[in-house]
Amino acid sequence: MAAWENIFWTDSVLLFLMVVFCSPVCVEVQSGTEAVKGENMTLLCISCMKREEVAATTNVRWFYQPEDGQEILIYEFDGKPLDIKSPLQGRLQWTGSKDLQDVSITILNVTTNDTGVFTCHVNRTLHFDAHRHSTQSKKSITLKVMEEAGEDFTSVLSKIMMYLLLAFLTFWLLVEVAYCYRKISKAEEVTQESVTDYLAIPSENKENCSVPVEE
């Protein structure tokens with residue numbers, strides 16, 4: 001790599017670290033959609049504020065719609081968690097951030113009955129000096145509960161690459177063995193032909209066969 005490329009990458013990394021550690025960055029990341037029975041599952045909901053320096057009041061409501069069922073309110077955060085009667089009562093935990101840009105919740109001890117659609121509604125009011133401005137956002141998560149944890153894509157890809165490598169090495173070894181076998185067989189044939197030709201020479205002519213010697 002050229003020297004200027006090293007300088008470019010070094011400067012890029014330093015700039016990235018300065019941005020990350022010197023100022024908080026809000027990134028809206030998609031939530032996972034597969035949970036394992038008996039484990040905890042975080043439903044990720046991030047609603048970034050466009051004007052973080054402005055004071056705001058945020059209300060968060062989570063809804064759940066089971067398969068072939070109606071949507072019901074299961075959780076609300078309005079300055080503090082509010083107790084809501086629902087099939088998931090007692091198994092929901094607030095895992096959001098203090099600035100309420102991350103308004104995620106966690107389902108404790110997931111069951112197969114938790115399969116369905118979870119939706120978070122974020123109502124935010126920005127308090128400007130002269131007026132107030134309200135915004136709404138909504139995100140839905142289709143959750144599927146599995147009996148056992150499945151293999152992730154990375155591990156599956158690693159296994160596929162390992163099997164392909166083993167197949168290639170096996171093929172290469174077979175080719176090498178076949179090549180060596182043909183080479184040895186050819187050498188044996190040449191030796192056998194030389195011996196046969198020598199034996200076919202009359203005995204009186206064998207004495208006249210001389211090998212030139214270099215001085």
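Heavy atoms only: backbone and side chains are in, while hydrogens, waters and symmetry mates are out.
Taking CD of Glu39 as the start and CG of Leu108 as the end, the distance is 12.5 Å to the nearest 0.5 Å. In this structure, CH2 on Trp94 lies 10.5 Å from CG on Leu82, to the nearest 0.5 angstrom. Distance check, rounded to the nearest 0.5 Å: CD1 of Ile74 to CG of Leu88 gives 5.0 Å. From Arg61, atom CZ reaches atom NZ of Lys138 across 11.0 Å, with rounding to the nearest 0.5 Å. Atom CG of Leu165 sits about 13.5 Å away from atom CD1 of Ile160, to the nearest 0.5 Å.
Within the 4.5 Å cutoff, side-chain heavy atoms of Glu76 are placed close to those of Asn59. When side chains are defined from C-beta on, Tyr64 does not count as touching Leu143, because their heavy atoms never get closer than 4.5 Å. Side-chain contact between Lys183 and Cys180 is absent, with no heavy-atom pair separated by less than 4.5 Å. Using a 4.5 Å heavy-atom cutoff, the side chains of Gln65 and Thr119 are not in contact. Considering only heavy atoms from C-beta on, Ile105 stays 4.5 Å or farther from Phe118 through its side chain. Side-chain contact between Pro87 and Ile72: present, with at least one pair of heavy atoms (C-beta onward) separated by less than 4.5 Å.
Using cut-offs of 30° and 60° for the angle between ring planes, the Phe63 and His121 rings count as perpendicular.
Between Leu44 and Ser31 the shortest heavy-atom distance is N-OG, 3.0 Å. When all heavy atoms are compared, the tightest approach of Gly32 to Met41 is O-CE, 3.4 Å. The minimum heavy-atom distance linking Val117 with Ser140 is given by the pair CG1-CB, 4.2 Å. For Ser134 against Thr125, the heavy-atom pair with the smallest separation is OG-OG1, 3.4 Å. The shortest heavy-atom contact between Thr57 and His127 is OG1-NE2, 2.8 Å. Summarising the geometry of Val122 relative to Val103, their closest heavy-atom pair is CG2-CG2, 3.8 Å, with the distance given to 0.1 Å.
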Carefully, step by step, assess Thr111 and Val145 under the rule side-chain contact (heavy atoms from CB on, under 4.5 Å).
CA-CA 7 Å; Thr111 68; Val145 180; over 6 Å; no

Give the intermediate values and the outcome of side-chain hydrogen bond (donor to acceptor under 3.5 Å, both in side chains) for residues Thr42 and Thr95.
CA-CA 8 Å; Thr42 297; Thr95 53; 4.9 Å; no

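Checking each of Asn123, Asp99, Leu100 against Thr58 for a side chain to side chain contact (heavy atoms under 4.5 Å, CB included) leaves exactly one that passes, namely Leu100.
The main-chain N or O of Cys45 is found under 3.5 Å from a side-chain atom of Ser104 such that the two form a donor-acceptor pair. Looking only at distances, no side-chain donor or acceptor of Asp102 sits under 3.5 Å from a matching main-chain atom of Gly96.
Residues Leu92 and Ile46 fall into different hydrophobic clusters, defined by Ile, Leu, Val, Met, Phe, Trp and Tyr side chains chained together at heavy-atom separations under 4.5 Å.
Residue Lys37 qualifies as open at atom NZ: its count of foreign heavy atoms under 6.0 Å is 12 or below. Heavy atoms of other residues, nucleotides or ligands lying less than 6.0 angstrom from CD of Glu176 number more than 12.
Applying the salt bridge (charged side-chain N to carboxylate O under 4.0 Å, His left out) test to pairs two or more places apart or on separate chains, those with a residue in residues 109-127 are Arg91-Asp114.
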